[in-house]
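Here is the structure we will look at.
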Amino acid sequence: MPRRILPSDTNVTVTDRGNIIENTHRIHVAVTDAAGKLLYSIGDAQRMVLARSAAKPFQTLAMLQTGAADAFDLDDADIALMSASHSSEPRHIARAREMLNKSGAIEDQLTCGGHPAITVAANRAWIVLLEQQGFVPPPAPTGIHNNCSGKHAGMLAGAVALGASTTGYELPDHPMQTLVQRTVEHMSGLKEHQVLWAVDGCNLPAPALPLCNLAVMYARLAKAVDDDVVALLKRIHGAMSTYPELVGGEGRFCTDLMRAYGGLLVGKVGADGCYGIAVRSATTTTTTTDRDDDDDDDDDDDDGDNTMGPAIGIAIKVEDGNLDVLYSVVPEILDQLQIGTRAMRRRLEKWRYPSIVNTAGVVTGGYRHLFKIRKMQEEEEEVVMEKEDEDEDEDEDEEYNNNPTLN
């Protein structure tokens, strides 16, 4: 019988079928504090990544900086939807429409385009509802049904609050998008030329930056909750953790993650295998996750075994972009870091070790995590924030101006 051969690179998650490795997925992780110190890593913590929708909490921050929330009475549920990749459930679509109404915008102004709902259940419910309303066949989805419609509704409100035109709000040179760019630079600790930009699936600019700097952004989101020095970040963290069902939807990983941790952390997926997590300081967190607990033995394990101290940010990239693998990797990393109590972590076991099931309902394989997160030694700890050095700034500006790939 042939021996099972494990991959030489152990920074991976593998899927097997009949105990035979079928696929190997390389994993990159960076864990930092809000000061930019790299605390733990897997793979290449400096890998350049497109944050995709993992940038949404910080795009929301830019929108709040316009004053739109106060001007148009946008509440915390609205802020959660701005930060969402929602499932196009009726509650998501209704809230996106209400957000447009609050700012005086209309659906035709959305530039995100439409797509089917992310989940099969939402798609089926959507089709049934439309058929009951006499639409046979159902019409194609429009921008309001896009999983990013909350963000786009927020962008329109932000444009109005800035006194700018809503036409072209999605373009890189629009005042709303230049504010997003400056916000991403500030939160990541990077300079303008160190953050690159592409076009996201929903038609808005998407930032690309080193994985460790994405972790810094999430650490700063978490630390604002503890230190209460940045009220807008505190509001975003609170909105996402209070309304996790609006950030994703029923059966979605982001929603299950935040429900499991009950305010300790917020997490946001980005397309093609990117994820960001903002973990609050354990010293300021009480265990509240048993509010909807239906596991009788969870209380026995709810022993407050969180070993992390200060607020941290975690950024994850699955090299091949596989989202199923990403959702398996995140709870494994949280377990290796001992984030939260055992009861919290156990609520995510179905995501951590999902079974591979065929069309006849037979379990044919599963997932195994070969990676081990590595704590950085004192001499290895890197400050990933940009140093404030005038001479260095001048050298970097000259490099930027002379490098056509960065212009």
Side-chain angles (χ1 to χ4, degrees), residues 11 13 25-61 83 85 183-190 194-196 200 206-224 233 236-237 240 247 253-254 257-258 261 264-280 308 310-323 325-337 339 369 371 373-376 381-386:
N11 292 325
T13 288
H25 308 270
R26 193 173 184 205
I27 310 302
H28 307 285
V29 180
V31 182
T32 75
D33 62 18
K37 184 176 290 186
L38 185 62
L39 305 175
Y40 298 87
S41 73
I42 298 171
D44 183 4
Q46 299 284 346
R47 188 196 189 281
M48 199 72 170
V49 295
L50 280 154
R52 306 293 296 273
S53 284
K56 280 179 176 170
F58 310 99
Q59 292 168 312
T60 296
L61 174 60
S83 308
S85 298
T183 300
V184 169
E185 292 159 12
H186 173 72
M187 292 297 298
S188 65
L190 295 172
Q194 294 174 308
V195 181
L196 306 182
D200 212 334
L209 68 169
L211 187 67
C212 52
N213 292 89
L214 181 61
V216 170
M217 295 174 73
Y218 274 86
R220 287 182 157 189
L221 175 60
K223 187 173 176 61
L233 283 174
I236 292 167
H237 195 292
M240 293 177 69
V247 178
F253 177 76
C254 289
L257 172 68
M258 288 185 280
Y261 276 86
L264 174 62
L265 59 76
V266 297
K268 185 66 193 71
V269 67
D272 289 302
C274 190
Y275 210 91
I277 307 171
V279 184
R280 296 179 61 185
M308 300 302 298
I312 61 169
I314 306 172
I316 302 159
K317 170 66 178 177
V318 175
E319 184 69 35
D320 61 12
N322 189 303
L323 286 178
V325 171
L326 178 69
Y327 297 147
S328 177
V329 165
V330 172
E332 172 66 18
I333 291 168
L334 294 174
D335 189 73
Q336 289 192 23
L337 290 171
I339 302 294
H369 305 292
F371 61 81
I373 198 157
R374 185 170 74 95
K375 183 176 182 179
M376 310 306 291
E381 290 178 345
E382 303 175 37
V383 177
V384 297
M385 308 281 281
E386 184 60 33

Using every non-hydrogen atom in the two residues, find where [X] and [Y] come nearest and quote the distance to one decimal.
X    : Y    : result
N322 : H25  : ND2-CE1, 3.8 Å
L214 : A51  : CD1-CB, 4.2 Å
C212 : Q46  : SG-OE1, 3.5 Å
A224 : L233 : CB-CB, 3.4 Å
V184 : P207 : CG1-CB, 4.1 Å
L323 : G273 : CD2-N, 3.7 Å

Quick one: does [X]'s side chain have a donor or acceptor within less than 3.5 Å of a partner on [Y]'s backbone?
X    : Y    : answer
K317 : A45  : no
Y261 : I339 : yes
E332 : F371 : no

Next item on the list: State which residues pass side chain to side chain contact (heavy atoms under 4.5 Å, CB included) with S85; sequence neighbours excluded, sorted by chain then number.
Entry: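 Once residues adjacent in sequence are excluded, the partners of S85 under the side chain to side chain contact (heavy atoms under 4.5 Å, CB included) criterion are S53, K56, N147, R252, K268.
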
Next item on the list: Identify, with sequence neighbours excluded, every residue that meets side chain to side chain contact (heavy atoms under 4.5 Å, CB included) alongside A278.
Entry: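 A278 satisfies side chain to side chain contact (heavy atoms under 4.5 Å, CB included) with Y218, L221, A222, H237, V266 once adjacent residues are dropped.
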
Spacing of [atom1] belonging to [X] relative to [atom2] belonging to [Y], to within rounding of 0.5 Å:
X    : Y    : atom1 : atom2 : answer
M217 : F58  : CE    : CZ    : 4.5 Å
L190 : N213 : CG    : CG    : 4.0 Å
H369 : T13  : NE2   : OG1   : 5.0 Å
I277 : M258 : CD1   : CE    : 10.5 Å
K37  : T32  : NZ    : OG1   : 11.5 Å
I333 : I316 : CD1   : CD1   : 3.5 Å

Notebook entry, point to check: For D44 and L211, what are the C-alpha separation, side-chain angles and deciding distance, and is it a side-chain contact (heavy atoms from CB on, under 4.5 Å)?
Noted result: CA-CA 8 Å; D44 183 4; L211 187 67; over 6 Å; no

Checklist line | Salt bridge present between R52 and D200 (N-O < 4.0 angstrom) | finding: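 D200 and R52: salt-bridged.
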
Margin query: I'd like to check the side chain to side chain donor-acceptor pair (under 3.5 Å) partners of E319; sequence neighbours left out, ordered by chain and number.
Written below: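 Counting only residues at least two positions away or on another chain, E319 forms a side chain to side chain donor-acceptor pair (under 3.5 Å) with H28, R47.
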
Note to self: Please verify the inter-ring angle class for Y327 with F253; under 30° counts as parallel, over 60° as perpendicular, anything in between as tilted.
What the structure shows: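 The rings of Y327 and F253 lie parallel, inter-plane angle below 30°.
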
Check: Mind checking whether V279 and L337 have side chains closer than 4.5 Å, heavy atoms only?
Finding: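 No - every pair of side-chain heavy atoms lies 4.5 Å or more apart.
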
